[in-house]
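Notes for the one structure printed next.
Heavy-atom basis, side chains included; hydrogens, waters and symmetry copies ignored.
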Amino acid sequence: MTDTDNPTTPTPRQEEIIDRTLELVRKSGLGGLTTRKIPERVGFTEAALFRHYPTKQALVLGLMDRLEEMLVVPIRSIANDTAAPPAERLERMIRHHTRLVLDYESLPITLLAEASASGDPELVDRMRDIFRGYLSLLEGVAREGQKRGEITDEVEPDCLAILLLGAPAALAIRHRLLPDARAEDRFEDLLIPFLRKQIEKAEGGKE
């Protein structure tokens with residue numbers, strides 16, 4: 001069995017490779033990612049890299065596994081925190097996504113673009129699985145909030161999920177193409193609370 005047969009349990013060396021690869025992606029995007037640059041960063045040969053990740057596709061899949069670990073796993077934990085009101089959980093989920101976008105140079109949208117541009121069915125399917133899981137968590141919390149009379153029922157839960165996913169995704173595009181620290185601060189300070197206000201029913205069941 002090779003190291004890449006079970007991507008859910010990477011070896012310490014694979015973890016190190018993914019860490020260094022993330023640093024490269026943050027600086028130059030996936031377009032600048034080469035099997036020459038990564039060994040230089042980690043400190044071993046290209047041949048050694050291929051023992052851990054035999055193809056660039058395998059390496060990108062490793063990055064996608066890390067993305068799921070950083071994005072979906074914490075969001076699932078937030079979604080399952082039933083002690084908090086649904087609107088609060090949705091806000092925390094979007095704030096987590098936003099922080100990931102800003103801290104990792106729009107990594108989710110960068111990997112999505114790489115998968116789409118490559119036309120590789122395995123990469124596309126992996127990204128589809130990640131975002132399907134994310135949308136399902138948003139939709140589930142929105143549906144719970146509607147049943148409790150705490151979230152607006154004027155919009156179906158799946159549409160609310162798309163709206164909430166779309167805001168940080170749009171921020172990721174802007175951050176990548178037109179970085180603006182002040183606009184990003186306003187997104188966190190003003191837009192996220194605005195979104196919560198729009199979907200949350202006021203006390204007593206009125207919008």
Inset, instruction - Would you mind checking if Asp185 and Arg182 are paired as a salt bridge, meaning a charged N to carboxylate O distance below 4.0 Å? - result: no
Legend entry - CG-OH distance between Leu164 and Tyr134, expressed to the nearest 0.5 angstrom: 8.0 Å
Inset, instruction - With rounding to the nearest 0.5 Å, note down the distance linking CG in Leu49 to CD in Gln14. - result: 10.5 Å
Inset, instruction - Apply side chain to side chain contact (heavy atoms under 4.5 Å, CB included) to Leu67 and Tyr104, showing your working. - result: CA-CA 10 Å; Leu67 172 64; Tyr104 287 89; over 6 Å; no
Inset, instruction - Indicate the atoms forming the closest heavy-atom contact of Asp189 with Pro193, along with that distance. - result: O-CG, 3.3 Å
Inset, instruction - Mind checking the CG-CD1 spacing from Leu138 to Ile75? Nearest 0.5 Å is all I need. - result: 6.5 Å
Legend entry - Check: Leu191 and Arg186 side chains under 4.5 Å, non-hydrogen atoms: no
Inset, instruction - Using the test side chain to side chain contact (heavy atoms under 4.5 Å, CB included), find all partners of Gln57 that sit at least two apart in sequence or belong to another chain. - result: Thr55, Leu61, Asp120, Glu122, Leu123
Legend entry - Distance (rounded to the nearest 0.5 Å) between Glu68 CD and Arg126 CZ: 4.5 Å
Inset, instruction - Among residues two or more places apart or on two chains, list those pairs meeting side-chain hydrogen bond (donor to acceptor under 3.5 Å, both in side chains) that have a residue in residues 69-86. - result: Asp81-Arg92
Inset, instruction - Find out if a path of hydrophobic residues (ILVMFWY) with successive side-chain heavy-atom gaps under 4.5 Å connects Ile173 to Leu102. - result: yes
Inset, instruction - Give, for atom CD1 of Ile130 and atom CE of Met64, the distance between the pair rounded to the nearest 0.5 Å. - result: 6.5 Å
Inset, instruction - Group every Ile, Leu, Val, Met, Phe, Trp and Tyr by side-chain heavy-atom contacts under 4.5 Å, then state whether Leu190 and Phe187 land in the same group. - result: no
Legend entry - Under 3.5 Å: donor-acceptor pair, side chain of Arg89, backbone of Ala79: yes
Inset, instruction - Check the pair Glu188 / Arg99 against salt bridge (charged side-chain N to carboxylate O under 4.0 Å, His left out), numbers first and verdict last. - result: CA-CA 9 Å; Glu188 293 192 90; Arg99 273 292 97 204; 2.7 Å; yes
Inset, instruction - Following the transitive rule for hydrophobic clusters with a side-chain heavy-atom cut-off under 4.5 Å over Ile, Leu, Val, Met, Phe, Trp and Tyr, establish whether Ile151 and Phe194 coincide in one cluster. - result: yes
Inset, instruction - Assess whether side chain to side chain contact (heavy atoms under 4.5 Å, CB included) is satisfied between Met127 and Leu111, documenting all intermediate values. - result: CA-CA 8 Å; Met127 287 302 293; Leu111 286 173; 4.1 Å; yes
Inset, instruction - Work out which heavy atom in Lys201 is nearest to a heavy atom in Gly149; give both atom names and the distance. - result: CD-O, 3.4 Å
Legend entry - Heavy-atom side-chain contact between Glu16 and His52 under 4.5 Å: no
Inset, instruction - Look at atom CD of Glu156 and say whether more than 12 heavy atoms of other residues, nucleotides or ligands are closer to it than 6.0 Å. - result: no
Legend entry - Heavy-atom pair of closest approach, residues Pro86 and Val141: O-CG1, 3.5 Å
Legend entry - Backbone N/O of Met70 and side chain of His96: donor-acceptor pair under 3.5 Å: yes
Legend entry - Residue pair Glu91 / Ile192: nearest heavy atoms and the distance that separates them: CG-CG2, 3.7 Å
Inset, instruction - With the side chain counted from C-beta on, respond yes when Leu107 and Leu22 share a heavy-atom pair under 4.5 Å apart, and no when they do not. - result: yes
Inset, instruction - Report the C-alpha distance between Glu144 and Glu150 in whole Å, list the side-chain angles of each, state the deciding distance to 0.1 Å, and finish with yes or no for side chain to side chain contact (heavy atoms under 4.5 Å, CB included). - result: CA-CA 9 Å; Glu144 178 190 341; Glu150 298 174 14; over 6 Å; no
Inset, instruction - Check whether any side-chain heavy atom of Leu90 lies under 4.5 Å from a side-chain heavy atom of Leu195, and answer yes or no. - result: no
Inset, instruction - Taking Ser118 for its side chain and Ala115 for its backbone only, find out whether a donor-acceptor pair lies under 3.5 Å. - result: yes
Inset, instruction - Kindly indicate whether the side chain of Ile109, heavy atoms from C-beta on, has any atom under 4.5 Å from the side chain of His175. - result: no
Inset, instruction - Please check if Val73 and Leu137 belong to a single hydrophobic cluster, counting links between Ile, Leu, Val, Met, Phe, Trp and Tyr side chain heavy atoms closer than 4.5 Å. - result: no
Legend entry - Ser136 side chain vs Arg132 backbone, donor-acceptor pair below 3.5 Å: no
Inset, instruction - Enter the distance from Leu135:CG to Leu165:CG here, rounded to the nearest 0.5 Å. - result: 5.0 Å
Legend entry - Gln198 versus Thr152, closest heavy-atom pair with distance: O-CG2, 4.1 Å
Inset, instruction - Work out which heavy atom in Glu184 is nearest to a heavy atom in Pro179; give both atom names and the distance. - result: OE2-CA, 4.1 Å
Legend entry - Minimum side-chain heavy-atom gap Arg66-Asp19 below 4.5 Å: yes
